[in-house]
There are 2 protein chains.
Amino acid sequence: MSSCDTCVVRNRAICAGLDNQEIAALNTMGRRRAVSAGEPLIWEDDDSLLVANVIEGVLKLTTSTEDGREQIVGVAYPSDFIGRPFGQTSKASVVALTDARVCVFARNDFDRFAREHPELEHKLLERTLAELDRTRSWMMLLGRKTAPEKIATFLLEMSERLNETGCAVKLGPARRFSLPFSRQQVADVLGLTIETVSRQFTKLKNDGVIELPSRREVEILDRPALVSLAG
Amino acid sequence: MSSCDTCVVRNRAICAGLDNQEIAALNTMGRRRAVSAGEPLIWEDDDSLLVANVIEGVLKLTTSTEDGREQIVGVAYPSDFIGRPFGQTSKASVVALTDARVCVFARNDFDRFAREHPELEHKLLERTLAELDRTRSWMMLLGRKTAPEKIATFLLEMSERLNETGCAVKLGPARRFSLPFSRQQVADVLGLTIETVSRQFTKLKNDGVIELPSRREVEILDRPALVSLAG
DNA sequence: CGATGTGTTGATTGACTTCAATCTGGGTGG
DNA sequence: CCACCCAGATTGAAGTCAATCAACACATCG
């Protein structure tokens with residue numbers, strides 16, 4: 001009985017496209033693990049001992065300065081791959097934002113397996129290239145955009161990313177969604193302070209661009225306005 | 001007569017480790033191209049038609065907003081790989097900062113060749129993962145560091161990167177080097193304005209941390225101070 | 001030697017942060 | 001059941017860092 005058989009991200013994760021024998025081999029190497037909200041999975045600057053596929057939930061990748069400033073450098077959704085294969089240390093911490101389930105592998109085992117299975121490495125390469133693209137466009141946001149632009153861009157990105165997590169069918173961007181981030185975490189994504197995030201949110205609400213049914217809920221009332229604000 | 005035979009980055013670029021037959025095949029696909037300082041090689045949002053290895057010189061990867069703000073999202077040195085394989089469009093422009101020589105491939109050809117040569121894809125994966133690490137640590141700088149910290153971090157990174165370009169032997173960081181960037185370009189790397197960059201440079205000079213023999217030259221007088229300022 | 005592009009320096013402004021007070025809502029124990 | 005608690009969020013006032021605006025310096029090149 002293979003747990004891969006029942007895996008909901010089986011067709012979207014890097015495992016997609018592997019044959020039954022390969023899946024079976026991967027299955028013996030990996031194991032499921034639950035990570036509850038707030039719990040860390042990987043520590044910055046630690047030896048890179050494990051890698052994983054996200055099955056369910058959302059996790060943040062962060063780097064910190066010695067004096068405690070934090071920057072969220074990536075967000076992992078279901079079917080995303082996390083950890084640092086082929087490297088000695090992990091340059092970012094990984095912490096669950098929501099309760100999550102992941103499929104973890106010892107990095108050594110995974111590295112060896114990947115090198116023997118070019119199709120898997122290719123999937124990983126495609127994913128890494130896409131992540132690099134996304135990360136670079138986020139650099140533009142961090143370096144050159146104003147607070148209002150950052151918030152607008154963030155909300156648009158959220159409304160897209162949080163909808164992909166469903167099924168294979170490509171849905172449009174969500175009109176209403178539940179943020180997996182606290183205000184502080186939004187600030188850590190955008191390179192702002194919690195107060196600035198709060199102020200910008202209420203401004204958008206007062207301007208009739210969004211509605212905020214609860215702390216974590218966002219409803220986009222005027223998407224074109226948001227797009228125009230995103231710069 | 002293969003031009004790869006005489007290639008100075010042959011043992012550091014992704015071509016390293018390929019056998020003679022593979023090198024010969026790559027050689028028929030690629031061609032050398034000179035790019036003079038300021039000349040673009042790839043345009044943002046254009047179809048991704050070519051990829052390349054940097055043989056000599058330094059190039060910048062940039063993204064821009066509609067209203068002309070620019071952010072440098074990466075810098076490519078000799079032996080680095082540029083362009084977007086396995087993707088329809090390039091998300092960043094590539095422009096030469098200095099006179100440069102590159103070895104370009106039609107993306108189609110390269111993609112096909114790479115898929116048939118797992119060792120090459122593996123090299124590319126390792127490179128892409130390393131670049132992602134570097135990019136993420138730059139996000140921390142952009143989002144959370146102050147102007148003095150940005151400048152100090154930048155100078156330290158320059159003193160390291162500009163020395164790796166030599167030979168395979170691992171040299172220590174350079175004490176003195178020539179920036180491949182104008183003040184405006186330094187600003188575009190750090191998410192600052194040209195005036196702020198200039199002021200921070202002169203402040204470091206007045207504090208005896210660095211010397212500025214000419215506009216492009218930098219000499220590090222007090223590295224520990226710089227490390228401590230980098231935050 | 002002027003012309004032009006690049007860099008520096010100064011004065012002022014403004015956006016975001018910081019500091020501080022208050023609010024809110026979900027959970028708990030009396 | 002509801003008063004209380006408390007972390008998270010909002011709002012306000014004041015401060016600061018970097019941007020902007022503006023003038024000038026310097027080098028390179030016809």
Side-chain angles (χ1 to χ4, degrees), chain A residues 36-38 60 65 67-72 95 97-99 140-155 178-207 210-218 229 231, chain B residues 36-38 60 65 67-71 97-98 141-155 178-207 210-218 229 231:
Chain A
S36 41
K60 64 172 180 176
T65 53
D67 60 341
R69 283 171 286 177
E70 180 169 313
Q71 176 68 47
I72 294 182
V95 178
L97 290 176
T98 65
D99 289 343
M140 153 56 78
L141 172 140
L142 288 172
R144 290 298 187 205
K145 289 195 175 179
T146 64
E149 289 172 334
K150 285 178 176 181
I151 295 285
T153 307
F154 171 79
L155 290 174
S178 180
L179 289 176
F181 302 104
S182 68
R183 291 289 184 271
Q184 180 60 61
Q185 285 157 353
V186 176
D188 290 339
V189 172
L190 300 177
L192 296 171
T193 58
I194 184 174
E195 295 94 330
T196 302
V197 171
S198 181
R199 276 185 252 270
Q200 295 299 329
F201 270 45
T202 43
K203 175 146 203 320
L204 287 176
K205 190 178 75 174
N206 292 339
D207 292 352
I210 61 171
E211 193 49 67
L212 299 169
S214 77
R215 287 182 168 182
R216 297 284 185 127
E217 295 285 318
V218 179
L229 283 170
Chain B
S36 42
K60 64 172 180 175
T65 53
D67 60 341
R69 284 171 287 176
E70 181 169 314
Q71 176 68 47
L97 290 175
T98 64
L141 173 140
L142 289 173
R144 291 299 186 203
K145 290 194 176 181
T146 63
E149 289 172 334
K150 285 178 175 181
I151 295 286
T153 307
F154 171 80
L155 290 174
S178 181
L179 289 176
F181 303 103
S182 69
R183 290 288 184 272
Q184 180 60 62
Q185 285 156 354
V186 175
D188 289 340
V189 172
L190 299 177
L192 296 170
T193 58
I194 183 173
E195 295 96 327
T196 301
V197 171
S198 180
R199 275 185 253 270
Q200 295 298 330
F201 270 45
T202 43
K203 175 146 202 318
L204 287 176
K205 190 178 75 175
N206 292 339
D207 293 352
I210 61 171
E211 193 49 68
L212 298 168
S214 76
R215 288 185 166 182
R216 296 284 186 127
E217 295 284 319
V218 179
L229 283 170

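Within every chain, numbering begins at 1; the chains are lettered A, B, ... in the order of the sequence lines, protein sequences first and strands thereafter.
Comparing A:P148 and A:S214, the nucleotide of DNA chain C nearest to each residue sits closer to the 5' end for A:P148.
Here the closest non-hydrogen pair linking B:G191 and B:L142 is N-CD2, 3.9 Å. Shown here for A:Q185 and A:I72, the closest heavy-atom pair between the two residues is O-CD1, 3.5 Å. Closest of all the heavy-atom pairs between B:E211 and B:P213 is O-CD, 3.4 Å. For the residue pair A:P180 and A:L97, the shortest heavy atom distance occurs at O-CB, 3.6 Å.
Here the side chain of B:Q71 pairs a donor or acceptor atom with the backbone of B:V189 at under 3.5 angstrom. Put simply, the side chain of B:E217 never gets that close to the backbone of B:S214: no donor and acceptor are under 3.5 Å apart. In this structure, the side chain of A:T153 engages the main chain of A:E149 through a donor-acceptor pair within 3.5 Å.
Every pair passing ring-ring contact (aromatic ring centres under 6.0 Å, His included) that includes a residue from residues 180-207 of chain A is listed here, sequence neighbours excluded: A:F154-A:F181.
Ion pair A:R69/A:D188 not flagged as a salt bridge, since none of the NZ, NE, NH1 or NH2 atoms sits closer than 4.0 Å to an Asp/Glu carboxylate oxygen.
With rounding to whole Å, A:L212 atom CG is found 12 Å from D:dA9 atom P. In this structure, CZ of B:R183 is placed 14 Å from C1' of C:dG5, rounded to the nearest angstrom. For B:I151 and C:dT8, the CD1 to C1' distance is 14 Å, given to the nearest whole Å. Protein atom CG of A:L97 is 14 Å distant from nucleotide atom P of D:dG8, rounded to whole Å. The interatomic distance linking A:Q200 (CD) with C:dT17 (C1') rounds to 13 Å, in whole Å. Distance, B:R216 CZ to C:dG5 P: 16 Å, rounded to whole Å. Across the protein-nucleic acid pair, B:R144 atom CZ and C:dT18 atom C1' stand 13 Å apart, rounded to whole Å. Rounded to whole Å, the distance from CZ on A:F181 to P on D:dA9 is 13 Å.
Residue-level contact check: B:S182 touches the backbone only, with heavy atoms under 4.0 Å from sugar-phosphate atoms and none from bases.
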**OP:** Classify every nucleotide of nucleotides 25-30 of chain D by which part a protein heavy atom approaches to under 4.0 Å, writing B for the base, S for the sugar-phosphate alone and - for neither, in 5'-to-3' order.
**Re:** -B----

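Within a heavy-atom distance below 4.0 Å of DNA chain D, the residues of residues 186-196 of chain B found are B:G191, B:L192, B:T193, B:E195, B:T196.
Side-chain to base pairing of B:R199 with C:dG7: no donor and acceptor N or O lie closer than 3.5 Å to each other.
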